[in-house]
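Everything quoted here is computed from the prediction, not taken from an experiment.
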Amino acid sequence: MREPSARTSRLAIAAGLAAFIAIGAGGFLLGRVTAPKAPPPAPAPVAVIPPPIPVLPQSPRLWGRAEIADLARRAADALSSGKPLPADIAGAVGQRFELSLPFGCSGEADKDSAAPMRWRYDEGAGVLRVHAMPVAWKAADFELPPGGDGYDAEGFWMERPWSTSDECPAAPRTASPDQQAPAPAPDQTLALAQFGQNDGNDLWRQGRPFEKVLRLAPEDFAASRGLRLRLIGRIEQVPGNGPVHCVQPAGVEQRPACVVAVSLREVRMEMPGADAPLAIWENRGAAGSAGH
């Protein structure tokens with residue numbers, strides 16, 4: 001047998017090594033091709049922010065001057081626009097309220113004054129006299145049908161119903177003599193009225209004023225701020241209507257006059273800045289009151 005030469009041995013070894021490398025590389029490539037691909041990475045979770053819960057406006061538990069004035073404003077707008085009252089206005093019936101009516105803002109009344117809302121102060125004697133007479137209305141004043149049910153009413157006009165302030169207005173700017181003009185009549189377009197039955201015989205005051213005489217030292221009386229009458233009660237229903245009724249007896253060019261039906265539980269006479277009311281009247285019945 002012929003022995004392989006050294007050159008032949010080297011060639012054989014090189015060929016074997018090359019075949020081994022080729023087989024290994026082929027297996028590697030085949031494995032890359034046939035191996036299952038890794039799943040793509042899962043997307044990061046998106047944070048879901050819930051929508052904000054709407055906060056519905058709530059009617060205040062105790063109505064004041066602003067809420068009652070707005071009730072009348074909406075009713076007046078409906079009347080002047082030829083539309084029915086907004087449906088939600090009926091929900092005002094039974095609503096508790098408390099508001100103040102300032103009066104005597106321009107100073108004390110003359111000695112012989114017959115103004116329904118007035119006060120006088122005797123500084124020498126230290127005596128304050130206050131007088132607040134409710135207004136009396138008939139059914140025809142609000143264009144309500146007369147009849148056996150009566151519909152007479154008593155109550156108060158709310159002066160300056162466009163203002164939410166329960167204080168006397170700020171003193172007006174002084175005009176020059178040639179700019180002086182007569183003072184306009186008080187705005188009587190918003191009334192707070194208690195309606196009675198049987199021709200008003202069950203009304204609380206029946207022509208009697210809220211009045212008081214009391215001693216008050218000069219240093220304890222702030223005359224420049226006037227006085228105010230605080231009304232406390234509930235909103236009721238105008239006979240045959242909702243809580244508010246508006247009329248335009250002089251025609252469509254007139255600002256509507258509106259009446260809000262109320263039942264008064266308590267009336268207080270107050271002096272702005274004082275810690276306690278000057279007088280309190282409680283409606284304990286159709287014909288009685290405390291503090292009279």
Side-chain angles (χ1 to χ4, degrees), residues 59-72 75 89 91-104 115-119 130-139 141-142 144 149-161 164 166 186 188-212 227-245 257-271 276-292:
S59 177
R61 295 183 60 185
L62 188 65
W63 276 23
R65 184 183 180 101
E67 289 78 17
I68 290 182
D70 185 64
L71 182 72
I89 280 184
V93 176
Q95 178 69 51
R96 295 188 303 116
F97 74 90
E98 182 173 330
L99 62 84
S100 295
L101 304 177
F103 68 96
M117 306 278 283
R118 63 185 186 267
W119 61 268
V130 292
H131 177 100
M133 173 66 80
V135 181
W137 292 287
K138 294 292 185 181
D141 295 329
F142 300 118
L144 295 173
D149 288 336
Y151 297 169
D152 285 354
E154 64 181 8
F156 298 93
W157 290 107
M158 180 190 292
E159 295 185 5
R160 301 179 299 110
T164 60
D166 59 0
Q188 293 184 338
T189 56
L190 176 51
L192 304 172
Q194 290 191 123
F195 287 86
Q197 302 294 324
N198 303 318
D199 294 328
N201 289 332
D202 60 346
L203 292 175
W204 178 11
R205 302 306 295 176
Q206 296 189 26
R208 292 176 293 120
F210 297 96
E211 56 185 357
K212 192 75 175 178
L227 298 178
R228 63 189 179 196
L229 204 64
R230 183 175 295 274
L231 309 180
I232 302 172
R234 289 182 182 274
I235 296 177
E236 300 294 345
Q237 200 159 4
V238 178
N241 294 270
V244 56
H245 175 67
C258 301
V259 56
V260 176
V262 300
S263 61
L264 293 178
R265 178 177 57 85
E266 185 174 296
V267 171
R268 299 180 183 181
M269 192 77 70
E270 299 178 338
M271 182 174 62
L278 301 175
I280 299 177
W281 293 266
E282 296 179 357
N283 188 0
R284 296 177 179 173
S289 67
H292 175 70

Heavy-atom distance under 4.5 Å between the side chains of [X] and [Y], does that happen here?
| X | Y | answer |
| --- | --- | --- |
| Leu227 | Pro102 | no |
| Val135 | Pro116 | no |
| Leu99 | Trp63 | no |
| Glu282 | Ile280 | yes |
| Arg228 | Asp166 | yes |

At what distance, to the nearest 0.5 angstrom, does [atom1] of [X] lie from [atom2] of [Y]?
| X | Y | atom1 | atom2 | answer |
| --- | --- | --- | --- | --- |
| Asp70 | Arg65 | CG | CZ | 13.5 Å |
| Phe97 | Leu231 | CZ | CG | 6.0 Å |
| Leu144 | Lys138 | CG | NZ | 13.0 Å |
| Gln194 | Trp204 | CD | CH2 | 7.0 Å |
| Ile232 | Asn283 | CD1 | CG | 12.0 Å |
| Leu101 | Met158 | CG | CE | 6.0 Å |

Give me the atom names and distance for the closest heavy-atom approach of [X] to [Y].
| X | Y | result |
| --- | --- | --- |
| Ala139 | Asp152 | N-OD1, 4.2 Å |
| Leu190 | Ala69 | CD2-CA, 4.0 Å |
| Val244 | Ala72 | CG2-CA, 4.2 Å |
| Leu203 | Ala153 | CD1-C, 4.0 Å |
| Ala75 | Ile89 | N-CD1, 4.3 Å |

Might you work through the side chain to side chain contact (heavy atoms under 4.5 Å, CB included) test for Arg284 and Arg265, ending with a clear yes or no?
CA-CA 8 Å; Arg284 296 177 179 173; Arg265 178 177 57 85; over 6 Å; no
Walk me through whether Ile68 and Leu192 qualify under side chain to side chain contact (heavy atoms under 4.5 Å, CB included).
CA-CA 9 Å; Ile68 290 182; Leu192 304 172; 3.8 Å; yes
Look at the aromatic rings of Phe142 and Trp137 and report parallel, tilted or perpendicular, splitting at 30° and 60°.
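Ring orientation, 0 to 90° scale: tilted.
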Donor-acceptor contact below 3.5 Å, side chain Gln237 vs main chain Asn241:
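The answer is yes, because a donor-acceptor pair under 3.5 Å joins these two groups.
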Tell me, with the steps shown, if Glu154 and Arg205 meet salt bridge (charged side-chain N to carboxylate O under 4.0 Å, His left out).
CA-CA 8 Å; Glu154 64 181 8; Arg205 302 306 295 176; over 6 Å; no
Sequence neighbours excluded, which residues qualify as side chain to side chain contact (heavy atoms under 4.5 Å, CB included) partners of Glu236?
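Glu236: side chain to side chain contact (heavy atoms under 4.5 Å, CB included) contacts with Arg234, Ala261, Ser263.
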List the steps, then state whether side chain to side chain contact (heavy atoms under 4.5 Å, CB included) holds for Met269 with Phe103.
CA-CA 11 Å; Met269 192 77 70; Phe103 68 96; 3.6 Å; yes
Could you walk me through whether Ser100 and Arg230 satisfy the side-chain hydrogen bond (donor to acceptor under 3.5 Å, both in side chains) test, starting with their C-alpha distance in whole Å, then the side-chain angles of each, then the deciding distance to 0.1 Å, before giving a yes or no?
CA-CA 4 Å; Ser100 295; Arg230 183 175 295 274; 3.3 Å; yes
When you look at Arg268 and Leu229, which way does the side chain to side chain contact (heavy atoms under 4.5 Å, CB included) test go after all the steps?
CA-CA 6 Å; Arg268 299 180 183 181; Leu229 204 64; over 6 Å; no
